[in-house]
Amino acid sequence: MPSILVLHGPNLNLLGQREPDVYGAITLDDINQQLVEAAAEMGIEISAFQSNQEGALIDALHQAEQNADGVIFNPAGYTHTSVALRDAVAAIEVPVVEVHISNVYAREEFRHKSLLSPVCMGKITGFGWRSYLLALYAFKEIVFE
Ligand code: DQA
């Protein structure tokens, strides 16, 4: 069974209480649960990890090389700043899809730049928590078919 690591970056542990007008009322646990259920119907296994630490996210990407067939990654604020996370994505063979809950292009200009997009397989932004679900479909239909 193919397996996907869902990787959540800084402050996403606060979903549900954090800026609900931007990110919605859903919690991170609920997102992970929705993904586990949708993936089970597709015959895909999900593991999820969140960290507020850049190094822990880098370690998780390195480990994905051994234990995942794809990564759905919301790098959150690090999207716009982290050369080290970009290098980690570039260093692994496993395909990575970048996701954002909000439409980063409809927000402040500093969010328009992603250091990670050029090394990701693709990017989904602006569909609320369902951005993750759309990334899951992309793996099912495009990568695992
Ligand atoms: C985000 C967008 C980022 O700009 C922001 O820093 C986040 C969340 C999103 O999912 O919409 O923390 O990645």
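Indexing begins at 1, ligand by ligand and atom by atom, following the structure's order. Small disclaimer: the values here were computed from a predicted structure and weren't measured. Computed from heavy atoms alone, side chains included, the values below leave out hydrogens, waters and symmetry copies.
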K.L.:
Report the distance from atom CG of Leu5 to atom CG of Leu61, rounding to the nearest 0.5 Å.
P.N.:
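One finds 7.5 Å between CG of Leu5 and CG of Leu61.
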K.L.:
Roughly how far, to the nearest 0.5 Å, is the CD1 atom of Ile72 from the CG atom of Leu35?
P.N.:
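Output value for this atom pair is 6.5 Å.
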K.L.:
Would Leu12 and Arg18 satisfy side-chain contact (heavy atoms from CB on, under 4.5 Å), going step by step from the backbone distance to the final call?
P.N.:
CA-CA 8 Å; Leu12 295 173; Arg18 173 193 183 204; 3.6 Å; yes
K.L.:
Answer yes or no for Tyr78: is there a heavy-atom contact with ligand 1 below 4.0 Å?
P.N.:
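In this structure, Tyr78 fails to qualify as a contact of ligand 1 - no heavy atom is under 4.0 Å.
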K.L.:
List every atom of ligand 1 that sits less than 4.0 Å from any heavy atom of Ser102, numbering the atoms from 1 in the order shown and giving each element.
P.N.:
2 (C), 9 (C), 11 (O)
K.L.:
Heavy atoms only, cut-off 4.0 Å: how does His100 contact ligand 1, side chain, backbone, both, or neither?
P.N.:
both
K.L.:
Any luck finding a side-chain donor-acceptor pair between Asn52 and Gln50 under 3.5 Å?
P.N.:
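There is such a pair between these side chains.
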K.L.:
How does Val22 reach ligand 1, if at all, at less than 4.0 Å between non-hydrogen atoms: by side chain, backbone, both, or neither?
P.N.:
neither
K.L.:
With the 4.5 Å side-chain cut-off for hydrophobic clustering, are Trp129 and Val104 part of the same group?
P.N.:
no
K.L.:
Is the His80 ring parallel, tilted or perpendicular to the Phe110 ring (thresholds 30°, 60°)?
P.N.:
perpendicular
K.L.:
Please state which protein non-hydrogen atom is closest to atom 5 (C) of ligand 1 and give its distance, to 0.1 Å?
P.N.:
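Heavy-atom neighbour on the protein nearest atom 5 (C) of ligand 1: Arg111 NH1, 3.3 Å.
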K.L.:
Consider ligand 1: state whether an atom of it lies below 4.0 angstrom from any non-hydrogen atom of Arg18.
P.N.:
yes
K.L.:
Could you list the atoms of ligand 1 found under 4.0 angstrom from a heavy atom of Tyr23?
P.N.:
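Listed by number with element: 5 (C), 7 (C), 8 (C), 9 (C), 11 (O), 12 (O).
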K.L.:
Could you work out, for atom 3 (C) of ligand 1, the closest of His80, Glu108, His8 by heavy-atom distance?
P.N.:
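Residue with the shortest heavy-atom distance to the ligand atom: His80.
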K.L.:
Judged by non-hydrogen atoms, does Asn74 sit under 4.0 Å from ligand 1?
P.N.:
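Asn74 counts as a contact of ligand 1 under the 4.0 Å cut-off.
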K.L.:
Would you tell me whether Ser114 and Glu98 have side-chain atoms, one donor and one acceptor, within less than 3.5 Å of each other?
P.N.:
yes
K.L.:
Is the closest N or O pair between Leu12 and ligand 1 shorter than 3.5 Å?
P.N.:
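N/O-N/O distance below 3.5 Å does not exist for this pair.
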K.L.:
So which heavy atom in the protein is nearest atom 9 (C) of ligand 1, and how far is it from that ligand atom?
P.N.:
Ile101 N, 3.3 Å
K.L.:
We want to know whether Asn32 and His8 form a side-chain donor-acceptor pair, criterion being a heavy-atom distance below 3.5 angstrom.
P.N.:
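There is such a pair between these side chains.
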